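Convention: sequence-line order gives letters A, B, ...; per-chain numbering from 1. Predicted model only: the values in this text are computed from it and were never measured.
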Protein chains: 2
Amino acid sequence: MDTTQRTDQQRSAERRRRELLEAADRVVLRDGPHASMNAIAAEAGITKPILYRHFGDKGGLYAALAKRHTDALLNSLRAALDAPAERRERVEATLDTYLAAIEARPQVYRFLMHPAEGSQSDQGFDVGKHSAPLLRRMGEELAQVIEERLDLGPGSQQLARVWGHGIVGMMHAAGDWWLGERPCSRAELVKSLADLLWGRLAAAGDRVGSPGF
Amino acid sequence: MDTTQRTDQQRSAERRRRELLEAADRVVLRDGPHASMNAIAAEAGITKPILYRHFGDKGGLYAALAKRHTDALLNSLRAALDAPAERRERVEATLDTYLAAIEARPQVYRFLMHPAEGSQSDQGFDVGKHSAPLLRRMGEELAQVIEERLDLGPGSQQLARVWGHGIVGMMHAAGDWWLGERPCSRAELVKSLADLLWGRLAAAGDRVGSPGF
DNA sequence: CGTGCATGTTACTTGCGGTAACACGAGTCT
DNA sequence: AGACTCGTGTTACCGCAAGTAACATGCACG
């Protein structure tokens with residue numbers, strides 16, 4: 001039978017693919033996202049064309065690589081998001097999980113936000129493709145949780161999606177800035193962001209010099 | 001005197017530089033951020049080395065190009081942010097201004113978020129550099145406004161910066177997603193985001209199936 | 001044995017960023 | 001006037017990375 005054959009070959013190919021991905025991971029984490037295919041192939045102990053046979057092109061490799069890390073991070077976030085605790089606690093835990101992840105492995109994080117290399121087309125208007133898939137997936141995921149758990153009245157689905165992407169973007173941008181400047185501890189950052197989401201911006205009083213109008 | 005000479009030459013050089021920037025602008029808007037230096041030079045009616053004499057390298061050209069658009073956008077945003085109106089109105093006006101800008105010229109917007117090409121180093125850890133300067137500048141600007149206008153108690157400066165970057169990130173991510181999928185009108189998006197900032201997330205009730213516990 | 005077929009290689013093409021070397025024109029100094 | 005400088009422009013090249021073609025090898029199956 002050729003089915004057993006094929007599965008054997010498939011297994012072998014998948015194992016090989018995983019090895020290649022791990023090698024690529026090492027190189028990308030060492031040299032940054034601009035690592036060359038030659039370097040990755042060398043790290044894996046082989047030569048370029050094999051990479052191309054496995055992943056098509058550089059974009060394919062990077063997509064596969066990104067998927068691993070993205071899946072891992074999303075799993076952590078889901079755990080924090082679904083924990084049996086109060087809403088504020090869950091929000092803070094999720095923020096903290098994300099920030100801890102990007103703090104622990106900045107290169108991974110940087111790579112994930114960066115797949116703007118091997119993309120195709122670039123024709124005209126396909127905006128919204130360059131923003132990392134990680135952000136989109138996190139946004140959709142969060143939107144789903146929001147919509148499942150919160151009672152938002154009419155138009156809830158759309159509102160949840162806006163909020164999902166918005167909150168993820170807030171987390172991302174603040175984290176990016178924080179990682180660069182380290183102006184405060186992670187816990188302080190988490191609390192500040194949660195306060196923002198809890199409406200402290202709207203609740204704060206005006207300063208003396210600017211009375212309303 | 002050579003001063004008058006020099007100023008003449010400077011004037012001429014600056015005019016030339018502006019012409020080159022406009023040509024580059026046309027090409028980048030037509031071909032996307034991956035436009036080649038050759039293409040830009042051709043559009044300007046000259047050849048590569050001149051571009052390099054004026055801008056150093058591709059990163060320099062892109063930085064100069066980005067600065068123009070960034071300055072323009074920031075001016076619009078400042079106007080909306082400083083308008084004599086209530087806080088909620090100002091926030092909505094600012095969001096709307098930003099979204100209108102990226103809606104009107106997606107390519108410009110895409111380019112501004114994209115200067116990950118001509119960057120240097122890429123050594124190890126300089127995370128926080130790849131995120132577009134536009135986002136950073138917007139974040140700092142907003143932080144300043146927040147800190148000037150709001151009474152946030154102790155630690156206000158730090159809090160304002162976190163919020164500035166966070167809000168800008170929220171606006172950016174939501175705008176990026178919205179521009180790609182167009183799930184609703186601009187006005188609806190603005191209102192949803194403002195609601196988020198006004199604490200509606202914290203105020204919303206739980207859905208039936210998940211009673212906290 | 002020969003026939004597939006996956007895996008691996010060397011060697012090449014193409015295209016881009018960046019640079020060196022040379023050429024022309026206009027104003028300046030003596 | 002002639003030499004000198006200096007900004008502007010060119011052609012032709014280097015180095016490097018993505019991607020591909022063509023060839024080699026090991027191994028199963030008939």
Side-chain angles (χ1 to χ4, degrees), chain A residues 1-21 23-24 27-28 30-65 114-122, chain B residues 1-21 23-24 27-28 30-65 114-122:
Chain A
M1 286 297 235
D2 48 2
T3 55
T4 57
Q5 261 184 36
R6 253 202 247 148
T7 44
D8 267 14
Q9 290 176 355
Q10 277 184 344
R11 265 178 216 289
S12 149
E14 278 175 26
R15 242 193 22 235
R16 197 88 188 90
R17 185 186 164 98
R18 221 167 288 163
E19 291 170 15
L20 297 185
L21 276 178
V27 176
V28 167
R30 171 160 40 83
D31 299 351
H34 294 22
S36 81
M37 292 297 264
N38 260 326
I40 295 174
E43 170 74 26
I46 52 162
T47 50
K48 264 193 303 177
I50 305 183
L51 287 179
Y52 283 96
R53 280 223 261 271
H54 272 272
F55 300 102
D57 61 351
K58 192 172 188 174
L61 202 178
Y62 275 32
L65 209 49
H114 221 20
E117 312 296 320
S119 270
Q120 75 300 355
S121 73
D122 264 323
Chain B
M1 286 299 232
D2 48 3
T3 55
T4 56
Q5 262 184 35
R6 251 200 248 149
T7 44
D8 267 14
Q9 290 177 354
Q10 276 183 343
R11 266 179 216 289
S12 149
E14 278 175 26
R15 239 193 23 234
R16 197 85 187 89
R17 186 185 163 97
R18 221 167 291 162
E19 291 171 15
L20 296 185
L21 276 179
V27 177
V28 167
R30 169 160 41 83
D31 298 351
H34 294 20
S36 80
M37 291 297 263
N38 261 326
I40 295 173
E43 169 74 27
I46 52 164
T47 49
K48 266 193 301 178
I50 305 184
L51 286 179
Y52 283 95
R53 280 221 262 272
H54 273 273
F55 301 103
D57 61 351
K58 192 173 187 173
L61 201 178
Y62 274 32
L65 208 49
H114 220 23
E117 311 298 318
S119 268
Q120 77 299 354
S121 72
D122 266 322

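- Rounded to a whole Å, the CG atom of D31(B) is 14 Å from the C1' atom of dC16(C).
- Distance from the side chain of T47(B) is smallest to dT10(D) among dG8(C), dT10(D), dA18(D).
- Rounding to the nearest 0.5 Å places OG of S36(A) at 8.0 Å from NZ of K48(A).
- Considering CZ of F55(B) and CG of L20(B), their distance stands at 5.0 Å, rounded to 0.5 Å.
- Distances shown here put a side-chain N or O of R16(A) below 4.0 Å from the OP1 or OP2 atom of dG8(C).
- Computed from coordinates, the E19(A) CD to dT7(C) C1' distance equals 13 Å when rounded to whole Å.
- Interatomic distance, L61(A) CG to H54(A) NE2, rounded to the nearest 0.5 Å: 10.5 Å.
- When the P atom of dG15(C) is taken as reference, atom CG of N38(B) falls 11 Å away, rounded to whole Å.
- If you measure from atom CG of L51(A) to atom P of dT9(C), you get 10 Å, rounded to the nearest angstrom.
- In this structure, I46(B) reaches the sugar-phosphate backbone alone: every heavy-atom distance under 4.0 Å involves primed, P, OP1 or OP2 atoms, never a base.
- Partner of I40(B) under the side chain to side chain contact (heavy atoms under 4.5 Å, CB included) criterion, chosen from D31(B), I46(B), L65(B), V27(B): V27(B).
- Ion pairing between a basic and an acidic side chain is recognised when a charged N comes within 4.0 Å of a carboxylate O; E19(A) and R16(A) show such pairing.
- Panel note: side chain Y62(B), backbone P33(B); a donor-acceptor pair is recorded below 3.5 Å.
- Regarding L61(A), its CG atom lies at a distance of 16 Å from the P atom of dA17(D), rounded to whole Å.
- Distance CD1 (I50(A)) to C1' (dG8(C)): 5 Å, rounded to an integer number of Å.
- Rounded to whole Å, atom P of dG18(C) lies 16 Å from atom NE2 of H54(B).
- Rounded to a whole Å, the CZ atom of F55(B) is 16 Å from the C1' atom of dG17(C).
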Polar atom pairs (N or O), protein with nucleotides 19-25 of chain C, under 3.5 Å:
none

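- Considering only side-chain atoms of S36(B), the nucleotide from dA17(D), dT10(D), dC16(C) that sits closest is dC16(C).
- Residue R53(A) holds its CZ atom at 15.0 Å from CZ of R17(A), rounded to the nearest 0.5 Å.
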